[in-house]
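Input: a single structure, listed below in structure tokens.
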Amino acid sequence: MGVTAKIATPDLLKYNGQDCLATWYVNETHKPTMIADQQEQLYEELFKPTVITLLQTELCGMPINPKKVQFAKLHLVSIEHTCLDYFNNSKLIQDFHFTQLIALAEKMTAKAKKKIYDITDPIIAREVFNPGSDTQLRALIFDYMGYDIINLTKGKQASTSKGTIEKLINHAKTPEHKEIFEHLIKLADVSILLSTFIPSMEKAQRLPDGSYRLYGNFNLGGTQSLRLSSSDPNLQNIPSHSIFAQIIKECFEPIIGWLFFGSDFDALEDKTNALITKDPNKLKIYTDGFCGHCLRAFSYFGDKMNGIIETVTSINSIKKLYPDLRQDSKAPTFALTYGGSFHTLMKNCGFTKPQAKQIEKMYHQLYTVADKWVDNLVEQAKKIGYIPLAFGGRIRTPLLAKTVGKVKVPFAAQKEARSAGNAATQSYCFLTQRAMNEFRERVWASPYIYTILPAATIHDAAYYMGQDNADLIKWANDNLIDCMAWQQLPELMHPTIKISSGLEIYWPSWGNKVKIPNNASKQQIKALCLKAEQEEKAKQLITP
DNA sequence: TATTTCACG
DNA sequence: ACGTACGTGAAATAG
């Protein structure tokens with residue numbers, strides 16, 4: 001058992017008139033390791049200030065309107081009821097359920113010593129069809145309805161995920177089957193919201209002024225990649241682009257007299273990856289103005305594109321001329337970025353073997369320099385036992401270290417290499433924490449010390465509450481964007497490629513963005529807000 | 001407790 | 001011969 005020791009004087013923070021203690025502890029037995037691993041600077045200069053920023057963020061919380069939460073809940077519950085009613089009234093489902101009951105009775109009879117169970121037995125009769133049970137869905141879809149298995153789970157069972165059912169819809173044998181699939185998908189959409197997000201939002205706390213906050217935790221140092229995580233509740237996986245994202249985001253509203261705003265980096269991981277690998281085909285997206293998706297779509301599917309040549313204008317015209325091919329390039333790019341192979345493209349993106357092989361080949365042909373950079377990283381890791389991350393962080397690679405000098409790299413070590421290679425890029429998310437620290441110091445030295453408060457951070461984004469005042473927003477815009485533009489890490493320096501971000505005011509809720517340009521004047525900001533206000537009024541006239 | 005699903009980046 | 005996409009957290013179900 002290690003001795004837990006305080007290694008730094010706790011900082012006393014004033015928050016809402018209360019003294020709050022920010023402390024950090026390190027297990028004494030781990031301290032020599034930290035120093036030997038050269039993690040002290042990261043710890044002292046970044047982790048400690050981040051603890052303070054995160055404490056303030058956790059104390060601030062996210063502004064939420066409980067009436068909107070109940071509105072969303074009612075809407076989702078009504079959809080849930082529609083689906084459950086459909087299943088209750090579906091002869092096919094009830095016939096299936098009857099077969100399940102008989103099977104259960106037989107199973108229980110076989111297990112019992114003497115007793116013979118039948119479906120009227122209370123233990124069996126109380127069972128209902130549960131579309132939330134993947135076991136039941138598996139029996140329904142693949143055994144009873146007779147569909148072919150198209151996806152397997154990690155445990156090699158037939159997958160019943162939403163994505164799988166979406167694929168099956170296209171092969172529905174009867175209109176009734178199609179209806180069942182549609183209701184299963186709809187139910188899957190609302191079930192996560194009703195089981196996880198709505199209950200957590202209902203835990204928002206009422207403050208003395210009558211406004212509400214949702215308080216969660218931001219966890220530092222618990223990930224492989226220097227990213228933060230968030231828990232109890234997780235504030236980093238609030239629906240953002242999924243089907244009911246809008247109605248959930250509308251629950252997050254600024255309180256009276258305040259604004260809710262934030263800033264996210266422009267393509268942070270893409271850009272930092274281009275800079276650290278120095279791959280010309282990644283860099284030229286930013287130096288020459290190529291659209292990355294168009295460029296890759298041309299690489300993969302150029303033979304299907306008439307009249308496209310390798311100029312910026314021509315390549316970028318793919319977005320309009322071949323939108324489907326451009327869309328089709330996205331999923332395989334993700335898979336290949338994370339170290340997937342043509343097998344992955346066949347299994348997860350639905351390509352045929354020749355198609356998948358072609359895309360794999362063209363991807364690696366396009367990004368040879370980035371591939372070499374990763375290879376070199378892995379070779380180094382075999383010797384030194386770690387892969388370096390942003391800000392001097394490290395991810396250990398014990399399995400790779402064991403393979404030094406060996407010709408063959410075991411599968412588990414390859415997996416470790418993929419994870420570590422990915423962490424090298426993901427770790428630049430810590431630029432967000434660095435920026436929030438610097439911004440906090442500027443705020444605390446400004447007249448806005450009590451009127452600009454950090455509310456959340458989601459990997460490449462920082463969110464704040466600030467009093468509703470054009471001077472304040474102009475100050476926040478100028479300073480936050482400046483803090484987020486910091487690019488002093490040697491591997492990120494570049495004459496023309498600059499890390500950038502943009503301020504957004506979420507008004508009247510998180511469900512709507514009012515984009516504020518960098519360096520906007522007070523008049524510009526006021527005009528943009530007025531325009532948003534008028535658009536909102538017009539919207540309310542249409543849908544009262 | 002292990003597995004599956006699904007939300008985010 | 002193996003097995004074939006990275007990192008997180010939460011809830012429900014099965015056994």
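Only this structure's heavy atoms are used, side chains among them; waters, hydrogens and symmetry mates stay out. Within every chain, numbering begins at 1; the chains are lettered A, B, ... in the order of the sequence lines, protein sequences first and strands thereafter. Just so it is clear, the structure is predicted and the values come from calculations on it, not from any experiment.
In this model, the phosphate group of C:dG7 is not approached by any side-chain N or O of A:Ser225 to a distance below 4.0 Å at OP1 or OP2. When the side-chain nitrogen and oxygen atoms of A:Thr153 are compared with OP1 and OP2 of B:dT5, none of them lie within a distance under 4.0 Å. Proximity of A:His241 to the phosphate of B:dA7: no side-chain N or O atom is located under 4.0 Å from OP1 or OP2. Remark: A:Lys415 is not in phosphate contact with C:dA5, judged by side-chain N or O atoms under 4.0 Å from OP1 or OP2. Dashed line: the shortest gap from a side-chain N or O of A:Gln157 to OP1 or OP2 of B:dT4 is under 4.0 Å. Under 4.0 angstrom from either OP1 or OP2 of B:dC8 there lies no side-chain N or O belonging to A:Asn234.
The A:Thr135 side chain lies nearest to C:dA14 when the options are C:dA5, C:dA14, B:dT5. Distances were taken from every side-chain heavy atom of A:Lys408 (C-beta onward) to each of B:dG9, C:dA1, B:dC6; the shortest belongs to C:dA1. Among the nucleotides C:dG9, C:dA14, B:dG9, the one closest to the side chain of A:Asn219 is C:dG9. Side-chain proximity of A:Ser159 to B:dT5, C:dA14, C:dG7: nearest is B:dT5. You'll find that the side chain of A:Ser419 is closest to C:dC6, out of C:dT4, C:dC6, B:dT4. Listed nucleotides: C:dA12, C:dA10, B:dT5. Nearest to the side chain of A:Ser195: C:dA12. If you check B:dC8, B:dT5, C:dA5 against the side chain of A:Ser242, the one that comes closest is B:dC8. Of the candidates B:dA7, B:dT5, C:dT13, B:dA7 carries the atom nearest the A:Lys162 side chain, counting heavy atoms from C-beta on. With distances taken from any side-chain atom of A:Lys154 to the nucleotides C:dC6, C:dT8, B:dT4, the minimum falls on B:dT4. For A:Ser229, the listed nucleotide lying nearest its side chain is C:dT8; candidates were C:dT8, C:dG7, C:dG3.
When heavy atoms are screened at a 4.0 angstrom cut-off, A:Thr337 is found touching no nucleic acid atom at all. Using a 4.0 Å heavy-atom cutoff across all strands shown, A:Ser230 reaches sugar-phosphate atoms only and no base atom. Residue contacts shown for A:Ala188 are limited to sugar-phosphate atoms, with no base heavy atom under 4.0 Å away. Note on A:Lys156: only backbone sugar-phosphate atoms sit closer than 4.0 angstrom, heavy atoms only; bases stay farther off. The residue A:Arg418 sits close only to the backbone: its heavy atoms come under 4.0 Å of sugar-phosphate atoms, none of a base. Counting non-hydrogen atoms under 4.0 angstrom, A:Ile238 reaches the backbone sugars and phosphates but no base.
Here the P atom of nucleotide C:dA10 and the NZ atom of A:Lys203 are 10 Å apart, to the nearest Å. The distance between atom CZ of A:Phe334 and atom P of C:dC6, rounded to the nearest whole Å, is 14 Å. In this structure, A:Ile141 places its CD1 atom 15 Å from P of B:dT4, rounding to the nearest Å. Distance CG (A:Leu193) to P (B:dT5): 18 Å, rounded to an integer number of Å. One atom, CG of A:Asn273, and another, C1' of C:dG7, lie 15 Å apart when rounded to the nearest Å. Residue A:Phe252 contributes atom CZ, which lies 13 Å from atom P of B:dC8 at whole-angstrom precision. Computed from coordinates, the A:Phe142 CZ to B:dT4 P distance equals 13 Å when rounded to whole Å. Rounded to whole angstrom, the span from the CD1 atom of A:Ile192 across to the C1' atom of B:dT4 amounts to 11 Å.
Taking the six-membered ring where the residue is Trp, A:Tyr43 and A:Phe47 present tilted rings, their angle falling between 30° and 60°. Below 30°, between 30° and 60°, or above 60°: for A:Tyr363 and A:Tyr300 the angle between ring planes is between 30° and 60°, a tilted geometry. A:Tyr506 and A:Tyr463 have tilted rings, their planes meeting at an angle from 30° to 60° on a 0 to 90° scale.
Under the 6.0 Å cut-off for aromatic ring centres, A:Phe197 and A:Phe244 do not qualify, their centroids lying 6.0 Å or more apart. Between A:Tyr147 and A:Phe181, the ring center distance clears the sub-6.0 Å criterion.
Atom CZ of A:Phe334 has 12 or fewer heavy atoms from other residues, nucleotides or ligands within 6.0 Å. No more than 12 heavy atoms of other residues, nucleotides or ligands lie within 6.0 Å of CG in A:Asp148, so this atom counts as exposed by the packing criterion.
A gap of 15 Å separates the P atoms of B:dT4 and C:dG3, to the nearest Å. Atom P of B:dT5 sits at a distance of 24 Å from the matching atom of C:dC2, rounded to the whole Å.
What you find for A:Lys271 and A:Ile499 is that their closest heavy atoms are NZ-CA, 4.1 Å.
Taking a pair as Watson-Crick or G-U wobble with both distances under 3.5 Å, the runs of three or more consecutive pairs in DNA chain C are B:1-9 with C:6-14.
One donor-acceptor pair, N or O on each side, does fall under 3.5 Å between the base of C:dA5 and the side chain of A:Asn348. Looking at A:Gln426, its side chain comes within 3.5 Å of the base of C:dC6 through a donor and an acceptor atom.
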Q. Under the side-chain hydrogen bond (donor to acceptor under 3.5 Å, both in side chains) criterion, do A:Gln433 and A:Thr457 qualify, and how do the steps go?
A. CA-CA 8 Å; A:Gln433 270 46 247; A:Thr457 169; 3.3 Å; yes
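No side-chain donor from either of A:Gln365 and A:Ser299 sits under 3.5 Å from a side-chain acceptor of the other.
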